[in-house]
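Here is the naming used below: chain letters follow the sequence lines, and residue numbers restart at 1 for every chain.
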Amino acid sequence: MEPNALTLTNLRLSTTCSTKFPRDQNQTNTPKSYAQIPKRSPGPVSKGLQKDSKKDLSRILRTDAAIKGIARKANSRKYTQLWPKAVLEALDEAIRENQWQTALKIFGLLRQQHWYDARCQTYTRLLVMLGKCRQPEQASLLFEILLSEGLRPTVDVYTALLSAYGQSGFLDKALSTLDDMKSVSECKPDVYTYSILINCCTKFCRFDLIGQILAEMSFLGIECSTVTYNTIIDGYGKAEMFELMENTLTDMIESETCLPDVFTLNTLVGAYGNSGQIEKMEKWYDEFRLMGLKPDIKTFNILIKSYGKAGMYEKMRSVTDYMEKRFFSPTTVTFNTVIDVFGKAGNIERMDAYFKKMKHQGIKPNSITYCSLVRAYSKVGLITKVDSILRQVENSDVILDTPFFNCIISAYGQAGDVEKMRELFLEMKERECKPDNITFATMIQAYHAQGMTEAAEKLANKMIATKKSTGTRLIGH
DNA sequence: GTCGGTAATC
């Protein structure tokens, strides 16, 4: 260990912490970063296309109107030489940003081009994205399309499909995909497939399946990798099954083929830190440091969050100081974490100071930053500060998402400003943010609090209607 | 094609 290393056990101050952390809840169907389309008009696509920077071009291609424009122009021979690069880059960007609806529309367009060459790799990337966005039905449709094109799915395709099912909790579907794989000679499941499957099982608390899966792997002669162990350790850690977590770590070390890495470190530190067991967190941090593992930015962010949650602000400070000394630049996540800690503690002054520092250091706040700020101001009744945040956000190019709207709608709801709440609900639509169960629950509760029973019921009905209209098919055969 | 860090409801 280098002499300057941060040794947590030496920093130990007061440890009064026994907060229970909520488990990961099953996520809603809302994609993490839902299609965020800039408000300004996309402008003409045809002229000066090549002059546009790549970035601008893909922004243009992102809008529905522009996609229709491309669809029309695609028939014109004049443009056919131009499209491959433009369309493929737009697809790349949509996938990268997890904008699944846009990505599927562009893919639909791509398939209509005369130069289109069906590839499994494209399907894999789309399936992985759909998995991340919790869109198992779309993944299933996409797989059908792949088959209809006469492509032979690869292991990657099957694994991505299995992952899309599993991440949404369709474990039966994931397992039947696994069976399909076993019956195709070139698509036998491998350590990737099984690691993903284990991850899905732990996310849905099916710890009972882990033993069977490991037995099957062993039967098929597939050895666990570091990732497999890390996945299991993380699963137990998030479920606060600490004994099984440590047993798995022991198995990992005893395997002698899979050594702990920085993922293992962060997983253990995070598991104990999150559950308020600060001493164990520090013990494991030091232990891994002695094994020669180096912390990374994520380690520091985990430590900051854990200390903050435990109210150990001096230790939190010692981590940020250490980072500064060692030239670990704080990221957006670091600032967001600190801002959230002070916000939750009701320390508006220190929160504001950090927000200022963040902007001063040239780190752009994002939707998460504003969420923490709004929640904190709302909690202490500073609704004028919420107004100011809203103005800031509206005048910036920050991409807003459903959680942000949920947060600010709740703030105005609690302040009794029903009119503002409605305005924001409409703005969600403009910004292409889908209201989810939380949005509706928040608004219904606010209406009830104001004695507006009728409005609450009306909205509840609207919610049911909205739910029914999901499941649209974005790409056809 | 696999693992770890940040926000929203009550």
Side-chain angles (χ1 to χ4, degrees), chain A residues 22 25 27-28 30 32 120-121 123-125 127-129 131 153-164 166-167 187 189-200 202-203 224-235 237-238 258 260-271 273-274 295-306 308 330-341 343-344 365-376 378 400-411 413-414 433 435-446:
Chain A
Q25 306 231 317
Q27 301 214 359
T28 58
T30 317
K32 265 193 177 156
C120 276
Q121 206 193 13
Y123 281 96
T124 304
R125 290 169 55 221
L127 286 168
V128 169
M129 174 199 66
T154 58
V155 194
D156 295 4
V157 167
Y158 269 118
T159 302
L161 179 67
L162 179 148
S163 174
Q167 286 185 75
C187 292
D190 57 16
V191 66
Y192 280 74
T193 319
Y194 281 105
S195 298
I196 291 168
L197 185 61
I198 290 171
N199 194 19
C200 299
T202 66
K203 292 275 181 312
C224 286
S225 67
T226 301
V227 175
T228 319
Y229 282 112
N230 286 342
T231 305
I232 301 170
I233 290 169
D234 184 55
K238 289 235 160 57
C258 300
D261 60 9
V262 68
F263 281 80
T264 326
L265 184 162
N266 288 343
T267 301
L268 258 103
V269 166
N274 222 0
D296 62 9
I297 183 68
K298 287 189 170 122
T299 317
F300 296 126
N301 291 338
I302 294 166
L303 291 172
I304 290 169
K305 189 191 166 193
S306 305
T331 61
T332 310
V333 178
T334 315
F335 277 104
N336 285 352
T337 306
V338 176
I339 287 168
D340 192 62
V341 161
K344 287 208 169 111
N366 61 17
S367 166
I368 297 173
T369 324
Y370 291 116
C371 237
S372 298
L373 291 167
V374 166
R375 194 188 121 103
S378 159
L400 299 183
D401 55 10
T402 300
F404 173 78
F405 279 105
N406 289 345
C407 182
I408 199 155
I409 283 173
S410 167
Q414 274 169 33
C433 290
D436 60 8
N437 290 341
I438 294 171
T439 321
F440 286 111
T442 306
M443 288 185 68
I444 289 168
Q445 201 234 340

Legend entry - Test item: side-chain donor near acceptor, N336(A) and N301(A), under 3.5 Å: no
Legend entry - Distance, rounded to the nearest Å, where L303(A) contributes CG and dT6(B) contributes C1': 15 Å
Inset, instruction - Identify which nucleotide among dA8(B), dT6(B), dG5(B) has an atom closest to any side-chain atom of C371(A), counting heavy atoms from C-beta outward. - result: dA8(B)
Inset, instruction - Mind checking T264(A) for me? I need base, sugar-phosphate or nothing, with any heavy atom below 4.0 Å counting as a touch. - result: nothing
Legend entry - Donor/acceptor link under 3.5 angstrom from S195(A) side chain onto base of dT2(B): yes
Inset, instruction - Whole angstrom is fine here: how far is it from CD1 in I297(A) over to C1' in dG5(B)? - result: 9 Å
Inset, instruction - Among the candidates dT6(B), dC10(B), dG1(B), find the nucleotide nearest to the side-chain atoms of Q445(A). - result: dC10(B)
Inset, instruction - Remember a base hit wins even if backbone is also touched, and classify T331(A) as base, sugar-phosphate or nothing at under 4.0 Å, heavy atoms. - result: base
Legend entry - I302(A) side chain, from C-beta outward: closest of dT2(B), dG1(B), dG5(B): dG5(B)
Inset, instruction - Return yes if a side-chain donor-acceptor contact under 3.5 Å exists between N199(A) and K203(A), otherwise no. - result: yes
Inset, instruction - Name the closest nucleotide to the S225(A) side chain, picking from dA7(B), dG1(B), dT2(B). - result: dT2(B)
Inset, instruction - Calculate the interatomic distance between F300(A) atom CZ and dT6(B) atom C1'; express it in whole Å. - result: 17 Å
Inset, instruction - Would you check if there is a donor-acceptor pair between the side chains of T264(A) and N230(A) at a distance under 3.5 Å? - result: yes
Legend entry - Of the listed nucleotides dG5(B), dT9(B), dA8(B), the one nearest the side chain of V333(A): dG5(B)
Inset, instruction - When you get a sec, tell me which of dG1(B), dT9(B), dA7(B) is the closest nucleotide to the side chain of T193(A)? - result: dG1(B)
Inset, instruction - Please state how far atom CZ in R125(A) lies from atom C1' in dT2(B), giving the value in whole angstrom units. - result: 18 Å
Legend entry - Phosphate OP1/OP2 of dT6(B) contacted by K305(A) side-chain N/O (<4.0 Å): yes
Legend entry - Results of ring pair (Phe, Tyr, Trp, His ring centres under 6.0 Å) for Y158(A) - residues two or more places apart only: F143(A)
Inset, instruction - Taking only the side-chain nitrogens and oxygens of K344(A), find out if one of them lies under 4.0 Å from OP1 or OP2 of dT6(B). - result: no
Inset, instruction - Please tell me which of the listed nucleotides, dG5(B), dC3(B), dT2(B), lies nearest to the side chain of N301(A)? - result: dG5(B)
Inset, instruction - Mind calculating the distance between OH (Y123(A)) and P (dG1(B)) to the nearest angstrom? - result: 17 Å
Inset, instruction - Could you work out which one of dT2(B), dC3(B), dA8(B) sits closest to the side chain of Y192(A)? - result: dT2(B)
Legend entry - Proximity to the side chain of N230(A) - top-ranked nucleotide from dT6(B), dT9(B), dC3(B): dC3(B)
Legend entry - Polar pair under 3.5 Å, donor/acceptor by atom type, side chain D190(A), base dG1(B): yes
Inset, instruction - May I ask you to decide if T159(A)'s main-chain N or O and S163(A)'s side chain share a donor-acceptor pair within less than 3.5 Å? - result: no
Inset, instruction - Describe the nucleic acid contact of V157(A) in one word from base, sugar-phosphate, nothing, applying a heavy-atom distance below 4.0 Å. - result: nothing
Legend entry - Nearest listed nucleotide, side chain of C407(A), among dT6(B), dA8(B), dC3(B): dA8(B)
Legend entry - Rounded interatomic separation in angstrom, taking CD1 from I438(A) and C1' from dA8(B): 6 Å
Inset, instruction - Check ring pair (Phe, Tyr, Trp, His ring centres under 6.0 Å) between Y123(A) and all other residues, then give those that pass, not counting sequence neighbours. - result: F107(A)
Inset, instruction - Say whether D436(A) and T439(A), considering side chains only, have a donor N or O and an acceptor N or O under 3.5 Å apart. - result: yes
Legend entry - Rounded interatomic separation in angstrom, taking CE from M443(A) and P from dT9(B): 15 Å
Inset, instruction - Please state whether the phosphate of dA7(B), meaning OP1 or OP2, lies under 4.0 angstrom from any side-chain nitrogen or oxygen of R375(A). - result: no
Inset, instruction - Assign V262(A) to base, sugar-phosphate, or nothing according to its heavy-atom contacts below 4.0 angstrom with the strands shown. - result: base
Legend entry - Any donor-acceptor N/O pair under 3.5 Å between dG1(B) base and T154(A) side chain: no
Legend entry - Phosphate-side-chain proximity, K238(A) and dC3(B), N/O vs OP1/OP2 below 4.0 Å: no
Inset, instruction - Figure out the CD/C1' separation between Q414(A) and dA8(B), and round it to whole Å. - result: 12 Å
